[in-house]
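In what follows, a structure is listed as structure tokens, so that the remarks can point back to it.
Just follow the structure's listing: the first ligand is 1, and inside any ligand the first atom is 1. Computation of the quantities below employed the complete heavy-atom set of this structure, encompassing side-chain atoms and omitting hydrogens, waters and symmetry-equivalent molecules. Owing to the predicted nature of the structure, the values given are computational and were not obtained by experimental measurement.
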Amino acid sequence: MEISVIGTGYVGLVQGAVFADTGNSVMCMDIDEKKIANLKRGIIPIYEPGLDELVRRNAQEKRLEFTTSLKAAVEHGAVIFLCLPTPQSEDGAADLSRVIAVAEQIASFAVGYRIVVSKSTVPVGTVDRIRQIMRKKGKMEIDVVSNPEFLKEGSALEDSLKPDRIVIGTKSRKAILVLSDLYAPFMRTGNPIMIMDERSAEMTKYASNSFLATKISFMNELANLCEQSGADVDWVRRGMGTDPRIGQQFLFAGIGYGGSCFPKDVKALIKTAQEHEYEFKILRAVDEVNERQKRLIVKKMLKHFNNQMRQKVVALWGLSFKPQTDDIREAPSLAVIQSLLDAGAKVRAHDPIAIPKVRSLFDGKVDFFENNYDALKGADALAIVTEWNEFRRPDFERMKSIMKRPVIFDGRNIYDPKLMRERGFTYFGIGRNGE
Ligand code: NAD
């Protein structure tokens, strides 16, 4: 099948490569000329485990090609996937300008039947809007479908090769047949392809992300209460998670969620509710709790150091918004760094992958280290901001010998408080009493 992908970012590149790998002929388009030039030379713009190899192999086999020409992509693809950014606009709504602009252009190019599929996360009603634009502008026969994407950065390949579910929102029989056929190789173990109306499909994506964000903010509030009341959130998590109605996942307290999806999707759903004259009270609280939680680690430091942060050296382990990705969009690390700099502290930061992206934001203001132990030199405290696996079992004696003071603020609860005290550290977790 001939497929085109418009927007070759985290979603578009992964999905394009995965479709190419099952034998389809895929053309990935992007307006970023440098990105496309690099991809043509085999340079992959993002870090995603396994993606390098998959892209190179399929490009070599000529199943995956790259272009900056939207016209070429529209001519190529019988199915055209929109994987464009839908960032937060100033009033909290999803900014649909790129999606709408591209839809208008596609309409002016397309000849013959095309299926245009929105993988971008778009508010309920957007697919209807795209369809209207295309029918008004273009002469071709088209179907516009909602097919929200559920991949997780850090395991995007695995998620795309074995999705939990595929949601297809359309009433077109033709589009259902084509897309079901396209996804069939990934659904051999019986995970469902769910066909529903466009609006429900669009809402499913926001509902999923907002529910997961709610779980995180709930646990963070609970952790704060555990701290005040002498309970330990890690024990509470285990006690709750064994109830199958609750489940084990997404119950870890920490310093808030980040990334390119949860923050903007929660805000966009609040905005959608407002537009329909409904106040989504829970989600307002979810968002507020998260904003507060991102500042918690620095608040704890200020308390520990009696507000005397000037000239204090703080080592930071982890910059990406979560492990196994180089994505720093809305990463809690950015808020932590800014608050520490504002308080007059010196920041020495380490991350296995994300340093180049953060350096471009704080160049000259933060010292960066490729090695995690180097970041500890002379540190008055270490803050764990992202729970990369390599931070879980470090050489604690070595850490103590390098740091000026053995103080750890563990924003991801990756260490055991009791053990850390036995190892000679002053240790602060999130919602832990350590008993
Ligand atoms: P991204 O920023 O990584 O990639 C988007 C790409 O689109 C960029 O390469 C950009 O240069 C390109 N682009 C922008 N304007 C363009 C235009 N007019 N024509 C062609 N290309 C253009 O974004 P992403 O993370 O891949 O997200 C894309 C969509 O998928 C968003 O709606 C997002 O909410 C959704 N989504 C993202 C994830 C995720 O984990 N990243 C998961 C599920 C859904």
Where ligand 1 meets [X] - atom numbers and elements under 4.0 angstrom, heavy-atom basis:
X	answer
R329	1 (P), 2 (O), 3 (O), 23 (O), 25 (O)
S260	41 (N)
K35	8 (C), 9 (O)
L151	40 (O), 42 (C)
M29	20 (C)

Can you confirm whether S260 sits close enough to E153 that some side-chain heavy atom of one is under 4.5 Å from a side-chain heavy atom of the other?
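They are in side-chain contact.
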
Protein contact of [atom] - nearest heavy atom, named by residue and atom, plus distance:
atom	value
atom 15 (N) of ligand 1	I31 CD1, 3.5 Å
atom 34 (O) of ligand 1	K264 NZ, 2.6 Å
atom 29 (C) of ligand 1	L84 O, 3.3 Å
atom 36 (N) of ligand 1	V11 CG2, 3.6 Å
atom 40 (O) of ligand 1	E153 OE2, 3.3 Å
atom 32 (O) of ligand 1	T86 OG1, 2.6 Å
atom 18 (N) of ligand 1	V102 CG2, 3.6 Å
atom 35 (C) of ligand 1	T121 OG1, 3.4 Å

Counting only heavy atoms, tell me which of T8, D32, D30 gets closest to atom 11 (O) of ligand 1.
D30

State which residue, out of E198, K119, Q15, fulfils the side-chain hydrogen bond (donor to acceptor under 3.5 Å, both in side chains) condition with N147.
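Of the listed options, the one satisfying the test is K119.
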
Are R199 and D197 ion-paired here, with the side-chain N under 4.0 Å from a carboxylate O?
no

Quick test of your reading of the model: are E202 and K205 salt-bridged, counting only N-O distances below 4.0 Å?
no

Where at least one partner belongs to residues 6-28, residue pairs that pass salt bridge (charged side-chain N to carboxylate O under 4.0 Å, His left out), sequence neighbours excluded
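Checked against salt bridge (charged side-chain N to carboxylate O under 4.0 Å, His left out) - neighbours excluded - the pairs reaching residues 6-28 are D21-R57.
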
Kindly state each residue pair satisfying salt bridge (charged side-chain N to carboxylate O under 4.0 Å, His left out) with at least one member in residues 33-42, sequence neighbours excluded.
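The answer is none; no pair qualifies.
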
Between D287, V266, L269, which is the residue that forms a side chain to side chain contact (heavy atoms under 4.5 Å, CB included) with F280?
L269

Classify the angle between the aromatic ring planes of Y257 and F262 as parallel (below 30°), tilted (30 to 60°) or perpendicular (above 60°).
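Ring orientation, 0 to 90° scale: perpendicular.
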
Test of proximity, Y10 against ligand 1: N or O pairs below 3.5 Å:
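Such a contact does occur with ligand 1.
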
Applying a 4.0 Å heavy-atom criterion (strictly less than), which segment of C261 is in contact with ligand 1: side chain, backbone, both, or neither?
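Just the side chain.
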
What part of K152, side chain from CB on, backbone N/CA/C/O, both or neither, has a heavy atom under 4.0 Å from ligand 1?
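It is neither; nothing of K152 touches ligand 1.
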
Distance from K346 atom NZ to D367 atom CG, nearest 0.5 Å?
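Rounded to the nearest 0.5 Å, the NZ-CG separation comes to 8.0 Å.
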
What distance separates I328 CD1 from D351 CG, expressed to the nearest 0.5 Å?
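I328 CD1 to D351 CG: 9.5 Å, rounded to 0.5 Å.
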
Ring centroid separation Y183 to F19 under 6.0 Å
yes

